[in-house]
Every structure is written in structure tokens, then in C-alpha cells.
Amino acid sequence: MGRVYNFSAGPSMLPLEVLKQAADEMTDYNGSGMSVLEMSHRSPVYDAIIKQTEADFRQLMNIPDNYKVLFLQGGASTQFAAVPLNLMKTGKADYVVSGQFSGKAFKEAKKYGDAKCIATSEDKTFSYIPEITPDMVREDADYVHICYNNTIFGTKFPEIPNVGDKVLVADMSSCITSEPIDVTRFGVIYAGAQKNMAPAGLTVVIIREDLLGSAREETPTMLDYKTMADNDSMYNTPPCYAIYMAGLVYKWALKNGGLTAMKERNEKKAAILYDFLDSSKLFKSTVEKKYRSIMNVCFVTGDAELDKKFCKEAAEAGFVNLKGHRSVGGMRASIYNAMPQEGVEKLVAFMKDFEKNN
Ligand SMILES: *Cc1c(COP(=O)(O)O)cnc(C)c1O
């Protein structure tokens, strides 16, 4: 079988060009006589890789100088603990629970202090994003935590919520680099890289500098943002190869017009799919229009057996990993930056045929 259209939510598709370059450089990186997989993270050749990766990421995301970029391990899930350990000074933090991952983040924060859920969309199976206004936030809360794009339920905040002068923390695992974002509106942005940036193993944190250095005393050294910031993400061995791959992906995104172009491409792809879902008699979107993600598109036929049949036949036709998350069923097409428009168009053509025959 040749390359398939891979709609996996993560780890997910990477640009073919990037994979080919990595393959070309696999056994001898840039005349070093060795693979990036084999290099000391303290070597000058690797130092150049991590520095260039950070520089390209900063350019791509337009990250101001008063923010640090950290390349960490442990996945976004480790950040569910790192955030309260580093940022809970009064011991209070407010959480918006708009899906499964934000629920997990909230639950983890409760271990470390008084975490409060100030809004949730659980009443309608997380099919929308609850409205947030500054008066909902507790006056003495240290921060407000949101998940900007809900990977499992296919919803996204229609805009950055207004939390007054509070520090806003966002899990952007499944939407980072999908569109331009005003970093200055956030205190911390974090993301597991395996959705839209790189292979698994890398977690990226963007943190405003004044938020460093207030971790509680018992914070594990490895989870203290200041340790990592002071050591340029090299306190210990970083996820070297995943960082190198992220670097190639950032270069690819820059070469292809940066995040303005990514947003245009992503909105176009999403519109092709949603327009079909809204006109189809068989398939329908599970998300209210205003809150639809442009990265993760969830849909159902309304019949679990038919959903199953669809996923099976789609996979046979080369459209793989369309099964929805095990907790919600149905289908989900994750259409991150690396998914070409052609993949979405062909999927819709396949869905039209399936609809005719079923
Ligand atoms: C995938 C995902 C996570 C979990 O990421 P890990 O890197 O597997 O820990 C958390 N939040 C969001 C929004 C995700 O999409």
C-alpha cells in the first residue's frame, strides 16, 4: 500500500516533504557523519539544531521576547500538574471544562489546591464552548485554564476568552500553529507536539517570563519551568529527535506562507467537510456551528453499526483512522496542517458514494 490519507488525531500526518528530508538526513546529518538520533545533545551541531528550531518557532508564532519557549517531555498531560505547581501562588485557580482533556487538567489541579470549575459544556456532551466573562473568574484566582481546541469533541473557542487581568493558560495541543494567535493574551500556552508539529515525545511550553520562579517548594525539579528556562531546555537530555523534526515542520510552515496561510488552508479544508455534512442526509456534524474546530471534525450517521461500516470501508479505500475517540464513538476526521486539501476532497467524494449506497 502506498501513502494513505491519515486522519489520526495524534500522532498524526507529517508533511511528506519533511519525512523525505528526515530520511535523506537519517544516517548522516549535515556532514556530521552521524544521525541526529545518535548525537550528543551538548554537541555544537545539535546546539545549532535546537537554536534554529526555537528561532523558527518564534518567527512562526510571532512570540514576543518576554516569553520563553521550553522544549519538554511528558506530553501535555504532564502539564496538567506542572501548571498548578508553577502558577498556583494563592492556591486558587479557575478551570473551564469543555471536554475530556480540560476535565483531566481540572482534576489534576485539584490535587494541588482549590481548583474551581467556572464553566462547563458537559450538559450537552461538550458540543459547544461555554461563554466566559471576567466576572465569572474569582478575584483571587491565580490563573484561568482553558483547552483552546477540544480534540475529542471537535470544538474550538470562537475567540480568546476575556478573563480580565487574570493569567490565561491554554492547552493548545491540537491547534497550535493552525492559525495566527496573539501570544500576548496568554500567560502560558502548552502543547503536545504530536498533533500538529512533530512526532510524539516533545511538549512545547510558551511562558511569560514574569511567571517563572514561583513554583511551590515541593515541585519536582523537572517540572519547575524555571529549571528548564534557566537551562535552555537542556537541564537533562531533551527529546532531541522530536525537536529536530519540529524544526523541519516549522521550516515547512514558514516556507508555505506561515500561519496566515495555514489558517486559510485549514479553514478551506474544514469548510469542504462541514459544507458537505450540513447538506448530507446521512452524515451530520455533532457540533454547533459557532464552535466548530477546523482541526478535528466530528460527525455521525446516527446509527452505530453504519458508523462502523463506514470506518471499515473508508479504511479499505485509503482513508484511515476515522473512528471517533473511544469515549464518544462516531467518526472524527483530524485535518491538521499536513493534511492536503486533496485528502479532504477525496474523503468527501467517498462519503457521497457511501451515502448513495447506504
Ligand atoms: C492529545 C491531547 C492531550 C494529551 O496529550 P499527551 O501529549 O498525550 O499527554 C492533551 N490535551 C489536548 C487538547 C490534546 O489534544
Side-chain angles (χ1 to χ4, degrees), residues 6-14 70-85 95-109 111 115 117 120-122 126-130 144-158 160-161 168-179 181 186 188-206 220 222-223 228 233 238-239 241-243 245-246 249 266 270 287 291-298 321 323-328 332-339:
N6 178 7
F7 294 90
S8 169
S12 39
M13 265 185 97
L14 289 163
L70 310 177
F71 296 119
L72 311 177
Q73 306 196 45
S77 304
T78 297
Q79 295 307 311
F80 298 165
V83 166
L85 282 166
Y95 278 71
V96 178
V97 176
S98 58
Q100 203 175 97
F101 290 116
S102 49
K104 284 184 172 170
F106 172 52
K107 192 168 161 224
E108 191 76 5
K111 289 187 178 179
C117 170
T120 178
S121 47
E122 200 174 2
F126 302 114
S127 57
Y128 69 103
I129 298 285
V144 179
H145 179 283
I146 62 168
C147 178
Y148 204 63
N149 183 83
N150 296 283
T151 324
I152 293 174
F153 297 95
T155 61
K156 184 196 151 199
F157 274 78
I160 301 171
L168 185 58
V169 177
D171 177 355
M172 291 201 187
S173 295
S174 51
C175 60
I176 194 158
T177 70
S178 65
E179 60 178 352
I181 194 100
F186 299 87
V188 176
I189 294 171
Y190 64 88
Q194 71 274 21
K195 311 278 162 70
N196 209 18
M197 302 198 293
L202 167 65
T203 310
V204 174
V205 171
I206 304 167
M222 284 291 295
L223 293 191
M228 291 304 177
S233 304
Y241 197 77
I243 292 169
M245 287 294 290
V249 172
N266 290 329
V287 177
Y291 307 108
R292 286 175 177 176
S293 167
I294 57 169
M295 296 276 93
N296 312 100
V297 179
C298 294
N321 289 319
K323 198 162 165 283
H325 190 269
R326 56 197 146 83
S327 65
V328 294
R332 171 179 52 178
S334 294
I335 48 175
Y336 299 117
N337 288 354
M339 173 61 68

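Here the structure is a predicted model, which means the values were calculated and not measured. No hydrogens, no waters, no symmetry mates; every other heavy atom, side chains included, goes into these values. Whatever order the structure lists them in is the order used to number ligands and atoms, beginning at 1.
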Quiz item: Which one holds for Cys147 and ligand 1: side chain close, backbone close, both close, or neither close, with close meaning a heavy atom under 4.0 Å?
Solution: side chain
Exercise. First locate atom CE of Met13, then atom OG of Ser334, and finally report the distance between them rounded to the nearest 0.5 Å.
Key: 12.0 Å
Quiz item: In Å and rounded to the nearest 0.5 Å, what is the CZ to CD1 distance from Phe186 to Ile146?
Solution: 5.5 Å
Practice problem: Below 4.0 angstrom from a heavy atom of Thr151, which ligand 1 atoms are there? Numbered from 1 as shown, please. | Solution: 12 (C), 13 (C), 14 (C), 15 (O)
Quiz item: In terms of atom number and element, which parts of ligand 1 are under 4.0 angstrom from non-hydrogen atoms of Gln194?
Solution: 5 (O), 6 (P), 7 (O), 8 (O)
Note the single closest protein heavy atom to [atom], along with its residue, its atom name and the distance in Å.
{"atom": "atom 2 (C) of ligand 1", "answer": "Lys195 NZ, 2.5 Å"}
{"atom": "atom 5 (O) of ligand 1", "answer": "Ala76 CB, 3.5 Å"}
{"atom": "atom 11 (N) of ligand 1", "answer": "Asp171 OD2, 2.6 Å"}
{"atom": "atom 9 (O) of ligand 1", "answer": "Ser77 OG, 2.6 Å"}

Any sub-3.5 Å donor-acceptor pair from [X]'s side-chain atoms to [Y]'s backbone N or O?
{"X": "Thr155", "Y": "Ser127", "answer": "no"}
{"X": "Asn149", "Y": "Cys175", "answer": "no"}
{"X": "Asn196", "Y": "Ile176", "answer": "yes"}

Practice problem: Please verify whether a non-hydrogen atom of Gly10 lies at under 4.0 Å from ligand 1. | Solution: no
Practice problem: Please determine which of Ser98, Ser174, Ser121, Ser293 meets the side-chain hydrogen bond (donor to acceptor under 3.5 Å, both in side chains) test together with Asn150. | Solution: Ser98
Exercise. Describe, in one word, how the ring planes of Phe80 and Tyr190 are oriented to each other, choosing from parallel (under 30°), tilted (30 to 60°) and perpendicular (over 60°).
Key: perpendicular
Self-check item: Selected option - heavy-atom contact closest to atom 3 (C) of ligand 1, from Tyr148, Tyr190, Phe101
Solution: Phe101
Self-check item: Polar proximity ligand 1 side, Thr78 side, N/O cut 3.5 Å exclusive
Solution: no
